[in-house]
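Inspection log for the structure reproduced underneath, given as structure tokens.
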Amino acid sequence: MVTLISLIRQGDIQQAIIFILSGCFVVFVCSPIHELAHGWVAYKLGDNTAKREGRLTFNPIAHIDLIGMIMILVLGFGYAKPVPVNMNNFKNPKSGMALTALAGPCSNLILAFISIFIYYALGSTAGSLIDYISLFFMYSAIINVSLAAFNLLPIPPLDGSKILAGILPNRVYYKYMQYERYAMIALFVLMLSGLLDGILNVVVRALLFVISIIPNLIFG
């Protein structure tokens with residue numbers, strides 16, 4: 001999986017700069033949309049907690065988490081400040097929580113599709129400005145897909161664990177959440193060991209292939 005570290009190790013400074021610019025675009029534009037999607041779906045399903053706390057906004061300052069931002073810029077995946085949700089306000093708490101959690105990763109996949117579509121539409125002319133702009137959108141697609149894949153991991157507090165709440169029986173889910181602390185430790189171990197990169201790489205490649213089908217058919 002492409003990361004800032006891998007590009008620097010390869011000595012490709014130009015691509016590293018473009019990766020950083022794409023990461024900034026994701027942090028200040030795409031991540032707010034991700035969190036806004038959570039809050040908007042929750043609001044539509046009856047929970048106004050996010051709106052009440054000023055999180056139904058495109059303003060990146062309201063959503064940025066410092067560590068999550070650094071992860072996105074360096075590793076290509078990370079997180080923003082979670083939108084507050086009170087599932088007790090939903091008519092159907094389990095399905096409401098699952099749909100609210102799913103909205104964020106879905107927004108990243110939509111943004112990734114738009115980015116990859118622009119990448120294919122622009123084409124590539126070696127050494128030209130268009131080539132750099134195309135690469136910018138390619139990295140934007142990769143980072144957005146990586147964010148979706150990372151957040152779909154069924155590990156608290158990521159979105160995937162909340163989606164599980166809408167799928168698993170309550171007894172099973174509450175039993176799973178008893179090990180929340182250990183799940184988070186496992187997540188950090190996977191990140192530090194590099195095993196998470198391998199897992200995400202497989203998922204990211206598969207998702208990129210899927211969202212590239214239509215642009216590839218149109219532009220070749």
Side-chain angles (χ1 to χ4, degrees), residues 1-4 7 14-44 50 55-65 68-69 71-81 83 99-125 128-153 158-160 163 200-220:
M1 191 167 66
V2 180
T3 66
L4 178 61
L7 291 173
Q14 288 183 331
Q15 290 205 30
I17 292 172
I18 295 172
F19 185 89
I20 292 174
L21 292 175
S22 295
C24 288
F25 172 71
V26 171
V27 167
F28 292 104
V29 177
C30 302
S31 288
I33 292 175
H34 174 113
E35 297 304 325
L36 178 61
H38 285 312
W40 183 80
V41 171
Y43 178 70
K44 288 298 181 180
R55 297 297 301 277
L56 292 188
T57 175
F58 287 103
N59 182 1
I61 303 302
H63 303 292
I64 286 177
D65 178 279
M69 177 182 69
M71 286 177 60
I72 292 172
L73 295 176
V74 176
L75 302 177
F77 63 86
Y79 54 89
K81 188 187 302 180
V83 164
L99 289 171
T100 298
L102 189 61
C106 283
S107 72
N108 285 121
L109 291 176
I110 293 171
L111 291 166
F113 175 79
I114 294 171
S115 293
I116 206 73
F117 194 93
I118 295 173
Y119 167 78
Y120 273 91
L122 289 174
S124 178
T125 305
S128 70
L129 178 60
I130 291 179
D131 192 34
Y132 295 128
I133 295 174
S134 296
L135 191 59
F136 172 90
F137 283 105
M138 170 55 80
Y139 283 148
S140 171
I142 292 173
I143 296 173
N144 270 294
V145 169
S146 298
L147 281 175
F150 177 68
N151 278 282
L152 285 171
L153 292 173
L158 301 178
D159 295 329
I163 294 172
L200 288 179
N201 192 39
V202 173
V203 179
V204 168
R205 285 179 178 272
L207 290 174
L208 281 172
F209 173 78
V210 171
I211 67 172
S212 299
I213 292 174
I214 293 176
N216 192 37
L217 288 174
I218 295 174
F219 300 107

Would you sort out whether His34 and Leu147 count as a side-chain contact (heavy atoms from CB on, under 4.5 Å), showing the intermediate values? CA-CA 10 Å; His34 174 113; Leu147 281 175; 5.7 Å; no
Decide side-chain contact (heavy atoms from CB on, under 4.5 Å) for Ile133 and Leu122; before the verdict, give the C-alpha distance in whole Å, the side-chain angles of both, and the deciding distance to 0.1 Å. CA-CA 8 Å; Ile133 295 174; Leu122 289 174; 3.6 Å; yes
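Remark: the backbone N or O of Gly123 is paired with a side-chain donor or acceptor of Ser134 at under 3.5 angstrom. Not one N or O on the side chain of Ser31 forms a donor-acceptor pair closer than 3.5 Å with the backbone of Phe28. A donor-acceptor pair is defined here as one N or O able to donate and one able to accept, closer than 3.5 Å; no such pair exists between the side chain of Glu35 and the backbone of His63.
No side-chain heavy atom of Val145 sits under 4.5 Å from any side-chain heavy atom of Asn108.
By the 30° and 60° cut-offs, the orientation of the rings of Phe77 relative to Phe150 is tilted.
Scored by the side chain to side chain contact (heavy atoms under 4.5 Å, CB included) test, Leu56 finds Leu36, Tyr43, Ala50, Lys51 as partners (sequence neighbours excluded). Taking Ser22 as the reference, Ile18, Phe136, Tyr139, Ile143 meet the side chain to side chain contact (heavy atoms under 4.5 Å, CB included) condition, with sequence neighbours excluded.
Here Asn144 contributes atom CG and Ile211 contributes atom CD1; the two are 8.5 Å apart, rounded to the nearest 0.5 Å.
Note: Phe137 and Tyr119 fail the aromatic proximity criterion, with ring centroids not under 6.0 Å apart.
Checked against Arg205 for a side chain to side chain contact (heavy atoms under 4.5 Å, CB included), the options Asn201, Leu207, Val203, Leu208 give a single hit: Asn201.
A donor-acceptor pair shorter than 3.5 Å can be found between the side chains of His38 and Asp159.
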